[in-house]
**Student:** 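After the structure tokens below, expect a handful of questions from me.
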Number of protein chains: 2
Amino acid sequence: MDQPSRSAGTVRPGGRTARVRAAVLEATQDELVERGFHELTMDQVAARAGVGKTTVYRRWGSPSGLVTDLMNELADQSSPHADTGGIEGDLRANAVSVLNALNDERLGVTFQAVIAAGTGDEPAARALHAFYLRRIQEWANVVDLAVARGELPAGTDGAEVIRAISAPLYYRLVVTREPVTREVAERSVARTLAAARAGAFVTTGSRG
Amino acid sequence: MDQPSRSAGTVRPGGRTARVRAAVLEATQDELVERGFHELTMDQVAARAGVGKTTVYRRWGSPSGLVTDLMNELADQSSPHADTGGIEGDLRANAVSVLNALNDERLGVTFQAVIAAGTGDEPAARALHAFYLRRIQEWANVVDLAVARGELPAGTDGAEVIRAISAPLYYRLVVTREPVTREVAERSVARTLAAARAGAFVTTGSRG
DNA sequence: CAGTTAATGAAACACTTGTTTCGATAAGAT
DNA sequence: ATCTTATCGAAACAAGTGTTTCATTAACTG
């Protein structure tokens with residue numbers, strides 16, 4: 001009965017509402033950097049953003065809701081795939097882009113927060129899934145181009161190649177908790193490329 | 001002043017103390033399965049374990065402390081590496097072992113909980129780091145054996161090969177939130193092996 | 001088999017987090 | 001410019017979380 005049919009802020013998204021959202025997301029990132037997702041509290045974010053805590057609870061509901069919205073915001077800002085003219089350069093560009101994001105003070109903690117939120121919160125998990133699937137699809141094109149140029153075997157699965165580039169970096173970041181260095185990124189590119197050239201990413205029987 | 005020089009339970013670890021710990025860790029896992037790390041509360045764990053909440057706070061301090069202890073417990077139970085006589089069989093055994101752990105109802109949620117805890121809690125992060133480094137070292141031996149048998153190039157970095165096997169599984173589990181299937185595991189083995197055979201895991205100048 | 005005291009747990013407490021209410025403000029419509 | 005009402009926010013409230021106190025229990029010691 002009392003629940004609005006749409007969430008607050010969707011009917012009048014202009015002026016004030018937009019300012020409040022920007023201030024809250026900004027405050028959320030600041031809090032993530034200083035305290036981490038663990039200690040991200042609605043009250044603190046509200047105070048820092050200079051808005052009422054009622055508003056933060058109403059529009060985002062929980063800390064997971066905050067970081068999920070942050071992730072959706074990042075999704076809109078992400079850039080298209082590189083095109084260096086060769087598959088090695090393209091894949092390296094992808095690896096370095098991920099590397100820089102993970103090591104960036106603000107972006108790094110944000111990704112880690114959403115990953116943490118995703119382990120227990122369905123909306124956060126969906127946001128992660130959607131975000132990475134779009135990023136993977138975007139960069140998978142560089143593999144198709146490489147196949148067209150004859151650099152890689154026909155039938156090479158582009159999305160899988162892109163996943164293979166990122167996987168070792170995220171694995172170290174959140175699982176083994178080892179540093180994610182430039183060297184790690186370079187090795188990931190070299191190994192993925194070696195496997196791809198050997199035809200290990202060719203999808204057999206993909207067409208029935 | 002009031003802080004004991006060692007944490008509670010380390011001076012008289014017999015009988016009662018051990019029973020309390022077992023009951024609490026059991027209850028923690030049950031709660032993780034039913035509600036997830038997000039909703040893991042000290043009160044609820046204490047009630048379920050049939051112990052006073054004072055005890056849970058005193059010995060573990062926080063939900064992160066609980067799952068960290070759970071991880072240390074798992075570390076003691078982990079088994080040695082396979083020895084099938086061939087590198088492909090050994091790596092497949094490793095991949096399947098990880099696959100089964102991640103898809104196991106109890107183990108899966110536990111790993112995810114510790115990963116989530118690790119993003120913001122230093123002790124949890126250290127437990128993760130220590131656990132996986134030991135597991136990686138243990139399984140790296142199968143690569144050394146393979147090199148000795150002439151299956152892989154001399155100088156192949158065993159630890160890196162093992163990391164490469166696991167990385168895609170964890171990447172899907174916690175980052176892209178895609179299903180972690182048998183097929184994913186098999187492909188990880190095939191691709192890692194292809195790269196390894198091509199010499200992409202040979203550490204150049206490691207002794208320089 | 002006592003004696004000592006580490007460890008536990010019930011209860012009272014302080015603090016934090018989340019919800020509800022309702023008047024104030026300003027976005028968008030006419 | 002004026003009206004309507006979505007959105008906001010201060011305050012009071014309810015619920016949950018974490019701490020302290022202290023009596024009880026039971027490991028370990030000799």
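Letters A, B, ... are given to chains in the order of the sequence lines, protein chains preceding strands, and every chain is numbered from 1. Fair warning: this is a prediction, and the values are worked out from it, not measured in the lab. Excluded from the calculations below are hydrogen atoms, water molecules and symmetry mates; all remaining heavy atoms, backbone and side chain alike, are included.
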**Student:** What's the CZ-P distance between B:R59 and C:dA6, to the nearest Å?
**Tutor:**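 Roughly 15 Å, once rounded to whole Å.
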**Student:** Using a cut-off of strictly less than 4.0 Å, decide whether A:T17 has a side-chain nitrogen or oxygen near OP1 or OP2 of D:dA6.
**Tutor:**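 No, outside the criterion.
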**Student:** Within the structure, does a side-chain N or O atom of A:R21 lie under 4.0 Å from either OP1 or OP2 of D:dT7?
**Tutor:**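 No, outside the criterion.
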**Student:** Partners of A:R48 by salt bridge (Lys or Arg N to Asp or Glu O under 4.0 Å), sequence neighbours excluded?
**Tutor:**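 Expected list: A:D30, A:E31, A:E34.
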**Student:** Atom CZ of B:R48 and atom C1' of C:dG9: how far apart are they, to the nearest Å?
**Tutor:**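 Rounded to the whole Å, the gap is 20 Å.
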**Student:** Tell me the bend of the helix from C:dC1-D:dG30 to C:dT30-D:dA1 as the angle between end helix axes, each from five pairs, rounded to the nearest 10 degrees.
**Tutor:**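 That helix has its two terminal axes inclined by roughly 50°.
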**Student:** Of all the heavy-atom pairs spanning A:L152 and A:A196, show the shortest one and how long it is.
**Tutor:**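 Where A:L152 meets A:A196 most closely, the heavy atoms are CD2-CB, 3.9 Å.
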**Student:** Atom CG of A:L40 and atom P of C:dT17: how far apart are they, to the nearest Å?
**Tutor:**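 My rounded result for the distance is 11 Å.
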**Student:** Counting side-chain heavy atoms from C-beta on, which of D:dC8, D:dA27, D:dG9 comes nearest to A:V51?
**Tutor:**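 Closest nucleotide among those given: D:dG9.
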**Student:** Could you check whether B:E160 pairs with B:R163 (Lys NZ or Arg NE/NH1/NH2 to Asp/Glu carboxylate O, under 4.0 Å)?
**Tutor:**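 Yes, B:E160 and B:R163 are salt-bridged.
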**Student:** Round to a whole Å and report the spacing from NE2 of A:H38 to C1' of C:dT17.
**Tutor:**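 That distance rounds to 16 Å.
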**Student:** I need the CD-C1' distance between A:Q44 and C:dT17, as an integer number of Å.
**Tutor:**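 So the CD-C1' distance, A:Q44 to C:dT17, works out to 13 Å.
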**Student:** Between the base of C:dA10 and the side chain of B:T54, is there a donor-acceptor distance below 3.5 Å?
**Tutor:**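 Indeed, a donor on one side and an acceptor on the other fall under 3.5 Å apart.
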**Student:** Tell me which pairs pass salt bridge (Lys or Arg N to Asp or Glu O under 4.0 Å) where either residue lies in residues 63-73 of chain A, with sequence neighbours left out.
**Tutor:**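 Sorted result for residues 63-73 of chain A: A:R21-A:D69, A:R21-A:E73.
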**Student:** Kindly list each side-chain donor-acceptor pair under 3.5 angstrom involving residues 111-133 of chain B, sequence neighbours excluded, with atom names and distances?
**Tutor:**
{"residue": "B:Q112", "atom": "OE1", "partner": "B:R177", "partner atom": "NH2", "Å": "2.9"}
{"residue": "B:T119", "atom": "OG1", "partner": "B:A116", "partner atom": "O", "Å": "2.7"}
{"residue": "B:D121", "atom": "OD2", "partner": "B:A124", "partner atom": "N", "Å": "3.0"}
{"residue": "B:H129", "atom": "ND1", "partner": "A:T176", "partner atom": "O", "Å": "2.7"}
{"residue": "B:H129", "atom": "ND1", "partner": "A:R177", "partner atom": "O", "Å": "3.2"}
{"residue": "B:Y132", "atom": "OH", "partner": "B:Y170", "partner atom": "OH", "Å": "2.8"}

**Student:** Provide, to the nearest angstrom, the distance between the CE atom belonging to B:M42 and the P atom belonging to D:dT19.
**Tutor:**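 Computing the B:M42:CE to D:dT19:P distance gives 9 Å.
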**Student:** Counting primed atoms plus P, OP1 and OP2 as sugar-phosphate and everything else as base, spell out the protein contacts along nucleotides 12-17 of chain D at 4.0 Å heavy-atom distance: B, S or - for each nucleotide, 5' to 3'.
**Tutor:** -----S
**Student:** When you measure from the side chain of A:T55, which nucleotide among C:dT8, D:dG9, D:dT7 comes out closest?
**Tutor:**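 In terms of side-chain proximity for A:T55, the closest of C:dT8, D:dG9, D:dT7 is D:dG9.
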**Student:** Taking atom types as they are modelled, is there a donor-acceptor pair under 3.5 Å from the base of D:dG9 to the side chain of A:R58?
**Tutor:**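 Pair found.
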**Student:** Please report, rounded to the nearest Å, how far the P atom of C:dT19 is from the CH2 atom of A:W60.
**Tutor:**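 Going from A:W60 (CH2) to C:dT19 (P), I get 16 Å.
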**Student:** With distance as the sole test, does B:T55 use its side chain to make a donor-acceptor pair with the main-chain N or O of B:V51 at under 3.5 Å?
**Tutor:**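 No, because the side chain of B:T55 does not come within donor-acceptor range (under 3.5 Å) of the backbone of B:V51.
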**Student:** Charged N to carboxylate O below 4.0 Å: is that the case for A:E138 and A:R134?
**Tutor:**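 The answer is no: the pair does not qualify as a salt bridge.
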**Student:** Apply side chain to side chain donor-acceptor pair (under 3.5 Å) to A:Y171 and list each qualifying residue two or more places apart in sequence or on a separate chain.
**Tutor:**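 For A:Y171 there are no side chain to side chain donor-acceptor pair (under 3.5 Å) partners, ignoring immediate neighbours.
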